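What follows is a single structure, written as structure tokens, with notes after it.
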2 protein chains.
Amino acid sequence: MESELQVFQDYIRRRDLRRTRERERILQEVFEIHGHFDVDGLYLQLKQKGVKVSKASIYRALPLFIDCGLVREVEFSEGHWHYEHIYGHSHHNHLRCLGCGEIQEFENQFLNCLEEQLAREYGYYIQNHHLQVQGFCPACRQAAGLPAASNFLKKVDNEQ
Amino acid sequence: MESELQVFQDYIRRRDLRRTRERERILQEVFEIHGHFDVDGLYLQLKQKGVKVSKASIYRALPLFIDCGLVREVEFSEGHWHYEHIYGHSHHNHLRCLGCGEIQEFENQFLNCLEEQLAREYGYYIQNHHLQVQGFCPACRQAAGLPAASNFLKKVDNEQ
DNA sequence: GCTACTATAGCAAATGAATCTCATTAAAGA
DNA sequence: TCTTTAATGAGATTCATTTGCTATAGTAGC
């Protein structure tokens, strides 16, 4: 498989953009981060390593990484976007605790079938999906006195 | 089924808050909107009808509506949140066209099973989920010269 | 290498959604 | 009605993100 750098360089060539140290250094850093990141964290991490890049450059580079499929927006929370690199990773979804904010990642092959089903049913060409499930992790669930199950059954009862 | 107003009033009582004309007027307006809305649109719509409510009040009211299950955040796009009322509606998910921005709503009962599965597997108490599938609608797909299928198979081939 | 062309970086200023401040208003219970 | 205090409205503030401008540096042609 090509490296993320090659993917990016191909994209740059295709789009008639220019290769710059800054963009490639930002990309390298993004791929050194294990897990989610936000612009501020990325900026500080580069700063700590003595890399001089402005935030504006990060803001301008991220849409390019997203456009060529190397990065994606994970979620908007705390007033700003969180991202992750995706190249070479299998697609995963997020289970988020409303209590402590912990994020569990999970995979589910059904969602790929769902994509196919939607493609057939609506005639869409499906590109990707975002699934975020929210609830309470075991610790927060107990602290809040909630039962172990989801509120699925309750919901069905209430439905109209 | 109770009306949304009753649900809200029960919530207000339970939380020891106060009933106000503004909050109930905003709620009424939210339930008159068919489909998605954002704060600005809601504000202008009220203004056009001659209802004097400040944006601050809207921003303060929405978290209450969300907390009592009447409204939910649909998606963050164009730099701000979009909402929809949900009370009395079955839960639906969104299929969004990356070309024209059209949003198709769809339901899928499997997602409820998925919630149960996650509850068992991770010990979470599941509260809700957000699923957004992105792709190209038939018209935009043809305009872009894309095939009819999803990129599911392609993805599997590329995986690592 | 040198030159011309122009995309990009960096900085600072602007933008805009969301939040906060505070004086004023108005629920709700006594 | 009176008292208490939560809620409103208007404007100021915050802060993530975008933009304008100038200097810099890729890139292609010579």
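Naming: A, B, ... by sequence-line order, numbering from 1 per chain. Every heavy atom of this structure was used, including side-chain atoms; hydrogens, water molecules and symmetry mates were not. Just so you know, these numbers come straight off a predicted model, no measurement behind them.
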Rounded interatomic separation in angstrom, taking CD from B/Glu24 and P from D/dA7: 13 Å
Taking the side chain of B/Arg21 as its heavy atoms from C-beta onward, which of C/dA7, C/dA27, C/dA18 lies nearest to it? C/dA27
Can you identify which nucleotide, out of C/dC20, C/dA28, C/dG10, has its nearest atom closest to the A/Ser57 side chain? C/dG10
Whole-Å gap separating C1' (D/dA16) and OH (A/Tyr43): 14 Å
Hey, which sits more toward the 5' end of DNA chain C by its nearest nucleotide, B/Leu17 or B/Ala56? B/Ala56
Phosphate OP1/OP2 of D/dA6 contacted by B/Thr20 side-chain N/O (<4.0 Å): no
Common cluster, A/Val74/A/Trp81, ILVMFWY with side-chain heavy-atom separation under 4.5 Å: no
Provide, to the nearest angstrom, the distance between the CG atom belonging to B/Asp38 and the P atom belonging to C/dA17. 9 Å
Exercise: identify the closest heavy-atom pair between A/Glu73 and A/His130: O-NE2, 2.7 Å
Side chains of A/Gln28 and A/Glu24: do they bring a donor and an acceptor to under 3.5 Å? no
Take atom CD1 of A/Ile12 and atom C1' of D/dA28, then tell me their distance rounded to the nearest Å. 17 Å
In terms of side-chain heavy atoms of B/Arg18, which of C/dA7, D/dA10, D/dT4 is nearest? D/dT4
Measuring centre to centre across the rings, with the benzene-like ring taken for any Trp, is A/His82 within less than 6.0 Å of A/His94? no
Specify the separation, in whole Å, of atom CD of A/Glu22 and atom C1' of D/dA23. 13 Å
Please check the phosphate of C/dC11 (OP1 and OP2 only) for any side-chain N or O of A/Ser54 closer than 4.0 Å. no
Base, sugar-phosphate alone, or nothing: which one does A/Arg60 contact when heavy atoms must sit under 4.0 Å apart? base
Please report, rounded to the nearest Å, how far the P atom of D/dT17 is from the CD atom of A/Glu78. 12 Å
Does D/dA6 have its OP1 or OP2 closer than 4.0 Å to a side-chain nitrogen or oxygen of B/Arg23? no
So, taking the atom named NZ in A/Lys47 and the one named NZ in A/Lys55, what distance separates them when rounded to the nearest 0.5 Å? 8.5 Å
How long is the line joining CG of A/Leu64 and C1' of C/dA7, in whole Å? 12 Å
For C/dC20, take OP1 and OP2 only and decide whether either is under 4.0 Å from a side-chain N or O of B/Lys55. no
Would you indicate, yes or no, if D/dT18 has its OP1 or OP2 atom less than 4.0 angstrom from a side-chain nitrogen or oxygen of A/Tyr59? no
Measure the distance from CD1 on B/Ile58 to C1' on D/dA7 and round it to the nearest whole Å. 15 Å
On DNA chain D, check which nucleotide each of B/Val53 and B/Asp16 is closest to and give me the residue with the more 5' one. B/Asp16
